[in-house]
Amino acid sequence: MSAAPPAQPDPHTDAPTFILGIDTSCDDTGLGVVALTAAGPQVRSNIVWSQTVHAEYGGVMPELASREHVERIDTLLPRALAEAGIALSDLDVVAATSGPGLMGALLVGLMYGKGLAQALKIPFYAAHHLEGHIYAAASEEGLQPPYLALVVSGGHTHLFDVTGGGEYRLVGATRDDAAGEAFDKVARLAGLGYPGGPAISAAAERGDPLAVPFKTPLQGQQGFEFSFSGLKTAALLAFQRGARPEDLAAGFQRAAVRSLVDTAVRAAEALGRETLVVSGGVAANRALRDAFGQTGLRVAFPAGGLNTDNGAMIALAGAAALRDGQPPSSLDGGAAAYLPLAPLPDLPHFGTSARRKAR
Ligand code: KG4
Ligand code: ZN
C-alpha cells in the first residue's frame, strides 16, 4: 500500500516556497535553494563542489565521480540550507537531475533527493539537466517563451526553439565535439591547463587572433548545425608548426565564437525569434557574451555561478514545473544517461553523431 502523495505547495502566494535543487550529473556536486513567490523565483544559495580528482587523467573518470558525489553530498546540504537562511524543515520541494549524464553520478543525487523528499514528506521533481541550464538564464530575466535557447557546455552544443513551458524543438546541434569539449582539448594540446574554457579565454587576451588562420566551421550551410573538431585539428597542426599558445587561443576562440553567434542569429531570424537564451559553461566566456551583445537581439545569460553545472539551476527548473502546474514525479522513476529534451530532427548528421555523443 503506498502513502498518499504529499500536498503540492501553492507557488502563487507571497509566502516563499523553498525548493532544493541537486545536480550530480557529471563531476560537480551542486546543491542550491530557490525561493519561489508570486513575484518569481529567487536563488538563495548555490553551493558547488568541483571535483579535482580527474585532472591527472585528462578527463572525467565516471566511477571516481560517483564516489566523490557520495562523499560530498551530505556535507554540502547543510551549507546550501545555511546560506539560504533556512532549516531542513523549511524545505517545500526537492528537485534533482535524472538525466542526461553519467549514470552512476546521476544516481547519487537522484536517490539522495528522492530520499530527502520522502523523509520530509514533500513533493519531488525529477529535472532534465539541459532544462536546468536553460532556466538558469531564462528565470533570471523572467523570460517567457517563445525564445531560442543555445546550450553550450562541455557535453552539449544544442540549439532549441522553446515554444512554451516544457515545449522544445531541437533546431541544431554539434556534429562532433561539444563547444566546451573543444575549448578543453585545445587548451590541453597547447599546454594551457584545465579547465580549458577559462584558460583559453585568459590566454586569448594576450594573443593575436589573426596570427594563426582558423576557418569558421560550416560557413555557408543552410541549417543550424555546429562542428568543432576541425578547429581542434587546425590548432594541433599550428601548434606542431610552432605557433604561440596565446595566438592559438585567440584564433580558436574567435572562430568558435563566430560559429556559435552566426548560427544562433541566423536561426533566430529564420524562426522569427527576438530573444535568445545562452547557457552552459561556455556561456561564461567573455568574448562570446560581447559578440552576442552586438547582435541587436535580446540575449539572456545566467548570473554568476549559474553558467557551469550547479544545483540552483535544477531548483529553478523545479520552480518552473511547479508554476506550470506539473504534477510531482514518481519516486519510482530512474536515471537516464541518454535523455533527449526534444526528438532528434530528421537531418543527415543528427541520427548518428548527435546520438552517439549523447551516450
Ligand atoms: O555546463 P558545464 O559545467 O558542464 C557540462 O554540462 O558539460 O560546462 C563545462 C564546460 C567546460 O568544457 C569548460 O571548459 C567550459 O564549460 N567553460 C568555458 C568557460 N568556462 C567554462 N568555456 C569557454 N569560456 C569560459 N570562460
Ligand atoms: Zn551541464
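Residues take their numbers from the sequence shown, with the count starting at 1. For ligands, and for the atoms within them, numbers begin at 1 and follow the listed sequence.
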Engineer: So which atom in Ala337 and which in Met103 form the shortest heavy-atom distance, rounded to 0.1 Å?
Structural biologist: N-CE, 4.1 Å
Engineer: Give the numbers and elements of all ligand 1 atoms closer than 4.0 Å to a heavy atom of Gly180.
Structural biologist: 12 (O)
Engineer: Can you name the atoms of ligand 1, numbered from 1 with element, that are less than 4.0 Å from a heavy atom of His129?
Structural biologist: 6 (O)
Engineer: Counting heavy atoms only, name the option from Ala178, Gly101, Ala283, Gly281 that's nearest to atom 19 (C) of ligand 1.
Structural biologist: Gly281
Engineer: Could you tell me which atoms of ligand 1, counted from 1 in the order shown, lie closer than 4.0 angstrom to a heavy atom of His133?
Structural biologist: 1 (O), 6 (O)
Engineer: Starting from atom 10 (C) of ligand 1, which protein heavy atom do you reach first, and at what distance in Å?
Structural biologist: Gly154 N, 3.4 Å
Engineer: Should the pair Arg67-Glu63 be classified as a salt bridge under the 4.0 Å nitrogen-to-oxygen rule?
Structural biologist: yes
Engineer: Under 4.0 Å, counting heavy atoms only: does Arg286 come that close to any atom of ligand 1?
Structural biologist: no
Engineer: For Asp177 and Ser229, test the side chains for any donor-to-acceptor distance below 3.5 angstrom and give the result as yes or no.
Structural biologist: no
Engineer: Could you pull out the closest heavy-atom pair between Asp309 and Cys26, with the gap in Å?
Structural biologist: OD2-CB, 4.3 Å
Engineer: State, to 0.1 Å, how close Ala65 and Val60 come at their nearest heavy-atom pair, and which atoms those are.
Structural biologist: CB-CG1, 4.2 Å
Engineer: Heavy-atom contact under 4.0 Å between His156 and ligand 1?
Structural biologist: no
Engineer: Are the charged groups of Glu83 and Arg79 less than 4.0 angstrom apart, N to O?
Structural biologist: no
Engineer: Between Asn285, Asp23, Asp309, Leu288, which one has a non-hydrogen atom sitting closest to atom 26 (N) of ligand 1?
Structural biologist: Asn285
Engineer: Membership question, hydrophobic clusters at under 4.5 Å side-chain separation (ILVMFWY): are Leu106 and Leu116 in the same one?
Structural biologist: no
Engineer: Distance to 0.1 Å, residue and atom name: give those for the protein heavy atom nearest to atom 13 (C) of ligand 1.
Structural biologist: Asp184 OD1, 3.8 Å
Engineer: Look at ligand 1 and say whether Pro198 reaches it with a heavy atom at a distance under 4.0 Å.
Structural biologist: yes
Engineer: What's the shortest distance from atom 23 (C) of ligand 1 to any protein heavy atom, and which residue and atom give it?
Structural biologist: Gly197 CA, 3.4 Å
Engineer: Specify whether Phe160 and His158 have parallel, tilted or perpendicular ring planes, treating 30° as the upper limit for parallel and 60° as the lower limit for perpendicular.
Structural biologist: tilted
Engineer: Any N/O/S atom, side chain or main chain, of His129 closer to the Zn ion (ligand 2) than 2.8 Å?
Structural biologist: yes
Engineer: Backbone or side chain, does Asp309 get an N/O/S atom under 2.8 Å to the Zn ion (ligand 2)?
Structural biologist: yes
Engineer: Looking at Gln326, I want to see if its CD is surrounded by more than 12 non-hydrogen atoms of other residues, nucleotides or ligands under 6.0 Å.
Structural biologist: yes
Engineer: Indicate the ring-plane relationship of Phe214 and Phe252, choosing parallel, tilted or perpendicular according to the 30° and 60° boundaries.
Structural biologist: perpendicular
Engineer: Taking both backbone and side-chain atoms into account, decide whether His133 has an N/O/S atom under 2.8 Å from the Zn ion (ligand 2).
Structural biologist: yes
Engineer: Need the ligand 1 atom indices (1-based, order shown) with element for anything under 4.0 Å from a heavy-atom of Gly155.
Structural biologist: 7 (O)
